[in-house]
Number of protein chains: 2
Amino acid sequence: MAQSDTVDRILDAAEELFAERGFSETSLRMITGKAGVNLAAVNYHFGSKKSLIQAVFARFLTPFCIALEAAFDRLEAEAAPEPPDLESVLRVLTSTLVEMPRQHDRSIAIYMRLQGLAYTQSQGHLRRFLEAEYSHTFDRFMRLLKNATPELSAVERYWRNQFMLGATAFTLSSSDALTEILWNKLGVETPNEEIVDHLVPFLAAGMQAHTVAHGNRGNSDSGA
Amino acid sequence: MAQSDTVDRILDAAEELFAERGFSETSLRMITGKAGVNLAAVNYHFGSKKSLIQAVFARFLTPFCIALEAAFDRLEAEAAPEPPDLESVLRVLTSTLVEMPRQHDRSIAIYMRLQGLAYTQSQGHLRRFLEAEYSHTFDRFMRLLKNATPELSAVERYWRNQFMLGATAFTLSSSDALTEILWNKLGVETPNEEIVDHLVPFLAAGMQAHTVAHGNRGNSDSGA
DNA sequence: AATTGTTTGAAACATACGTTTGAGACGGAA
DNA sequence: TTCCGTCTCAAACGTATGTTTCAAACAATT
């Protein structure tokens, strides 16, 4: 095999195993076994298991963020002087996500599940790495979201953001299984692109739900 | 110490450590260390680590499901011949959750995070245990949900259910981290009881979002 | 062909894990 | 007291983990 075919084979295997089993539950021996390379290759090429985890994220997150930023550029240009509305921001995000991983002939579910694990599993180094590397794109998305929902307080928007993220990551991460269950139950097939068509209105409606007044500490500013 | 003080001490320590670190990342030595008991006590009293995990869930899920069923009884009685509406179903669920763990002088965050981990971490035995033990209550909740959203097609309800589940499980499973981030960013502290107050309107609005007509295969029956 | 730097290979490393063992301590019943 | 079942304790078990080692194979340059 070519010089650094090994690197890609390790990344491919790790990507798949991490997604389906989590980080701690996936050993280097499983990865190297699946990849058909020597055990020591991981530490030789990546230095440590932690660095391998980060490399897996970097390989799909870097091109995704580039594509997303470009899509945001187009969106803001189209919307002219007005800031883009909520539903188009969401739709740009999700459609960029859906389009992306075809490059590598991989189900989108894998990347969504990885993204979910990054939040869920307590890997401090990963959170720090993602924060340091991709906070720019994330902040830009948050800014677009903020301009699209000026009526929300900062706190409310923060939580609703998390709800959106959860609904998206959770559903898409198991989209294959969910689609199969639905097929068995109702005889209806739902391609991934169509799940997004169900998802976006749900998210948009949730984001724009009327705020209920509850025991606030008097700190419910509705601005920056 | 009394006869089976040890059992409770182990459960207390395990509960807390599992919630903040996950299952695989928490060793029996951490648990017994924190509990101040001997390492072998876990295998003596519970048989295995898997059984301990299940025991931790059983200790809070069993009384919770009993309380929830009672609350559902009251709700259905109050609503008279009509089925209870969506928001009250959701609110009964969440408020029962919030009220419950005070009995044991414990932050609700721990139980929320445990519940999230049950979905997130790939512990096959746990999922099977919860399915076998608590599916009755879960099914009843699903039935209430169905009667509260008769306008939705079966397909649409299926997906929106997943979105709700995702938003809830995902957010609650990392509520501590998210609360901390929010504190660093905006200087606002959000007790877990209040997260639920943000969550319910979001979910209700999402469930009741207007359906958009998209490429349907002509099979959008709105019945059972 | 000789030499260099890079990559692989099998084996061992030290450590941590869940679990088991067997001896001893405790407390109530005879 | 003697007995017996319950429980605790320190120690060890076997296994699996991430990582390191060092010799061999390889590729490219001189």
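All values below come from the heavy atoms of this structure, side chains included, with hydrogens, waters and symmetry mates left out. Being a predicted model, the structure only gives us computed values, none of them experimental. By convention in this document, chain letters (A, B, ...) are assigned in the order of the sequence lines, proteins followed by strands, and residues within each chain are numbered from 1.
Look at A:Asn38 and you won't find any side-chain N or O under 4.0 angstrom from OP1 or OP2 of C:dT8. Proximity of B:His45 to the phosphate of D:dT8: a side-chain N or O atom is located under 4.0 Å from OP1 or OP2. Between A:Thr6 and C:dT8, a side-chain N or O to OP1/OP2 separation shorter than 4.0 Å is present. In this structure, B:Ser27 does not reach the C:dA16 phosphate: none of its side-chain N or O atoms is under 4.0 Å from OP1 or OP2.
Put simply, CD on A:Glu25 is 14 Å from C1' on D:dA16, counting in whole angstrom units. For B:Lys49 and D:dA16, the NZ to P distance is 15 Å, given to the nearest whole Å. Atom P of nucleotide C:dT7 and atom CD1 of A:Ile10 are separated by 12 Å, given to the nearest angstrom. Rounded to a whole Å, the CG atom of A:Leu52 is 12 Å from the C1' atom of D:dG18. Between B:Arg29 atom CZ and D:dA11 atom P the separation is 13 Å, expressed in whole Å. Here C:dT8 presents its P atom at 11 Å from CZ of A:Phe46, a figure rounded to the nearest Å. With rounding to whole Å, B:Asn43 atom CG is found 13 Å from D:dT8 atom P.
Atoms CZ and OH, on A:Phe64 and A:Tyr134 in that order, are 11.5 Å from each other to the nearest 0.5 Å. The line from CD of A:Glu194 to CG of A:Leu199 is 13.0 Å long, rounded to the nearest 0.5 Å.
Considering only the side chain of B:Tyr44, D:dT8 comes nearest among D:dT8, D:dG18, C:dT7. The side chain of B:Leu28 has C:dT19 as its nearest neighbour among D:dA10, C:dT19, D:dT19. Ranking D:dT17, C:dT8, C:dA11 by closeness to the A:Leu39 side chain, first place goes to C:dA11.
Aromatic ring orientation, B:Phe60 versus B:Tyr111: tilted (interplanar angle from 30° to 60°). Below 30°, between 30° and 60°, or above 60°: for A:Phe57 and A:Phe23 the angle between ring planes is between 30° and 60°, a tilted geometry.
At a threshold of 4.5 Å between non-hydrogen side-chain atoms, the residues B:Lys50 and B:Leu126 do not count as touching.
Residue whose closest nucleotide on DNA chain D sits further toward the 5' end, between A:Val42 and B:Ala41: B:Ala41.
In this structure, A:Thr26 reaches the sugar-phosphate backbone alone: every heavy-atom distance under 4.0 Å involves primed, P, OP1 or OP2 atoms, never a base.
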